[in-house]
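Order of listing sets the numbers, starting from 1, for every ligand and every atom in it.
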Amino acid sequence: MNPRDATSRILQAVDDSGTHYRHSIPMIASENILSPMVRRACDSDLHGRYAEGLPGKRYYQGCDDFDTIEEIGIESARRVFNCNFANIQSTSGTVSNIGALKCLAKPGDTITAVSTADGGHISHARMGAVGVRGLNLVTYPWDEGRMEPDIDASLSLIREKEPNLVLFGQSVFLFPTPIQELADAAHESGSMVMYDGAHVMGLIAGGVFQDPLREGADVMTGSSHKTFPGPQGGFLLSDSDDPKLQKRLNNSIFPGVCSSYHLHHVAGKAIALAEFEEFGTDYARDIVANAKALAEALSSEGFDVMAEDRGFTESHQVLTRHGGPDSGAGMKAANTLEKCGIITNMNMLPGDTKAMSGPSGLRLGVPELTRVGMGAQDMGEIARFFSRALISEEDNASLKSEVSEFKSHFQTVRYCFSEGPAYP
Ligand SMILES: *Cc1c(COP(=O)(O)O)cnc(C)c1O
């Protein structure tokens, strides 16, 4: 393809992607959409600029306006997450984790974390950031019924291994982790405690999930674009008032792991934080209510929804099982749903061993659907679409046009200062 054709082909695909999502029901739990004001910041002159350092202490000239932005953003993050220290520079949740691991551990140290098979993130694994930092990984014993670390066994593990760093948080995250007792045990042996809230930052900030910095976490990392409704990026937070730790945390991002830290996204984050101060409590409450409503509705339609004994979910996620271990039934369901205009991801469930071909489950998320104004009744409508696609196996093409008609009523981003098109 010649370069000019490549350019138009790419721009066409960019527009097509917007059109695709405009007509679909997007249910990827880690995804969200931008408010019009955040979008404006992300598409600004700041995109091409550098501002190494901190507000007022820069290595380059020309940063006065950006200093204003970053200062307001930091203040807002400290209020939103109710903490003494906030760094909003990190370019992703993974980058926040690499920075935090650099600050809190050294090569050869031992870290405890949730295994990827149990819903932990790749950055907590040997193949990811934990391996990059050269840490010795020990994973928590897992309680499959409660879908959280086995607390008694993890307590013994922490007491026995005396890890240097105790890490909590998951990507498959239905319920708050009861970290208090584990954090106390960690602190007794001099370990630091880190909580990775990538998926649940918006729920934590909205006061509807858990409050890790009050429950014993020394440092909290997270993404700014999952349940937290900002642009792609990361947060690094602590309630410590120790200036030495704060300095080391700042240094762990710049110069530690970032040079440019994507100023347009920092400006977007700062606006998303301000909007969260105004709308975040309602937004977070509505997300969890929708996740619960979706789980109930899917269960009533006859689907096997995980963790029924615990009320299915306390987060933005719902997990469903579509067949036995390693059956690949989750992959098959995700493919069928996509043909019907519903975008989901397959997910490994207890017993599954093959990540690419075997997953028997789906992980469903409701943040984006909540942001465009859907409520409990609409979750019932979506569960019926699931049933018609996967149980009664209706014609995919005609379901897809019904899905598109249903979605046409949800085209405006809510919970922000200037509501506007969700898929411009
Ligand atoms: C998504 C996720 C991350 C990584 O975040 P990115 O912003 O995608 O780099 C880190 N930790 C957990 C638990 C996650 O789910």
Side-chain angles (χ1 to χ4, degrees), residues 27-34 38 42 77 87-102 104 111-133 135 137 139-140 142 147-149 165-177 179 193-205 209-210 212 217 219-237 252-253 256-258 261-262 265-266 268-269 272 287 291 313 315-319 345-348 355 363-368:
M27 302 183 76
I28 306 288
S30 54
E31 293 185 351
N32 216 316
I33 46 175
L34 298 180
V38 172
C42 289
N87 180 300
I88 62 170
Q89 297 178 345
S90 151
T91 51
S92 79
T94 298
V95 168
S96 298
N97 283 347
I98 301 172
L101 293 178
K102 182 173 181 297
L104 303 174
I111 184 172
T112 54
V114 175
S115 81
T116 49
D118 294 326
H121 188 250
I122 36 174
S123 59
H124 307 183
R126 276 185 206 95
M127 65 178 147
V130 159
V132 170
R133 189 62 177 141
L135 305 180
L137 173 69
T139 57
Y140 300 114
W142 193 251
M147 305 213 62
E148 67 186 22
L165 186 58
V166 166
L167 170 60
F168 298 111
Q170 295 129 239
S171 302
V172 180
F173 214 168
L174 296 176
F175 302 102
T177 313
I179 67 170
V193 177
M194 170 174 162
Y195 182 101
D196 178 351
H199 255 273
V200 290
M201 290 308 262
L203 307 182
I204 288 172
F209 194 63
Q210 66 181 121
V219 169
M220 180 159 76
T221 57
S223 306
S224 51
H225 52 268
K226 295 184 178 179
T227 51
F228 192 85
Q232 296 247 355
F235 292 117
L236 180 59
L237 309 163
S252 78
I253 301 299
V257 292
C258 289
Y261 50 87
H262 305 184
H265 283 189
V266 172
K269 265 184 246 184
I287 285 181
T313 182
S315 74
H316 59 304
Q317 297 182 3
V318 173
L319 273 188
N345 64 269
M346 61 182 176
N347 206 93
M348 288 174 75
R363 184 188 68 173
L364 309 170
V366 298
E368 179 168 342

Original post:
Side chains of His121 and Asp196: is there a donor and an acceptor less than 3.5 Å apart?
Top reply: no
Original post:
Against heavy atoms of Ser223, which atoms of ligand 1 measure under 4.0 Å?
Top reply: 5 (O), 6 (P), 7 (O)
**OP:** Could you list the atoms of ligand 1 found under 4.0 angstrom from a heavy atom of Ser171?
**Re:** 12 (C), 13 (C), 14 (C), 15 (O)
Original post:
Quick one: which ligand 1 atoms are inside 4.0 Å of a heavy atom on Ala198?
Top reply: 2 (C), 3 (C), 10 (C), 11 (N), 12 (C), 14 (C), 15 (O)
Original post:
Going by the angle between their ring planes, with limits at 30° and 60°, are Tyr140 and Phe168 parallel, tilted or perpendicular?
Top reply: parallel
**OP:** Classify the contact between Gln170 and ligand 1 as side chain, backbone, both or neither, using a heavy-atom distance cut-off of under 4.0 Å.
**Re:** backbone
Subject >> atom 11 (N) of ligand 1 - nearest protein heavy atom and its distance >> reply: Asp196 OD2, 2.5 Å
Original post:
Would you say the side-chain atoms of Asp118 and Ser115 include a donor-acceptor pair closer than 3.5 Å?
Top reply: yes
**OP:** Answer side chain, backbone, both or neither: which part of Ser92 comes under 4.0 Å from ligand 1, heavy atoms only.
**Re:** both
Subject >> Heavy-atom side-chain proximity of Pro367 to Glu31 below 4.5 angstrom >> reply: no
Original post:
Where does Val95 meet ligand 1, judged by heavy-atom distances below 4.0 Å: at the side chain, the backbone, both, or neither?
Top reply: neither
Original post:
Do you see a donor-acceptor pair shorter than 3.5 Å between the side chains of Ser90 and Tyr261?
Top reply: no
Original post:
Is it the case that His199 and Gln317 place a side-chain donor and acceptor less than 3.5 Å from each other?
Top reply: yes
Original post:
For Gly93 and ligand 1, does the shortest N/O to N/O distance drop below 3.5 Å?
Top reply: yes
Original post:
So do the side chains of Met201 and Met220 get within less than 4.5 Å of each other, counting heavy atoms only?
Top reply: yes
Subject >> Atom indices of ligand 1 within 4.0 angstrom of His225 heavy atoms, with elements >> reply: 7 (O)
Original post:
Heavy-atom contact under 4.0 Å between Lys226 and ligand 1?
Top reply: yes
Subject >> Expected output: side-chain Thr112 to main-chain Thr139 donor-acceptor under 3.5 Å >> reply: no
Subject >> Contacting atoms of ligand 1, where contact means under 4.0 angstrom from a heavy atom of His199 >> reply: 15 (O)
**OP:** Using a strict 4.0 Å cut-off to heavy atoms of Asn97, name the atoms of ligand 1 that fall inside it.
**Re:** 10 (C), 11 (N)
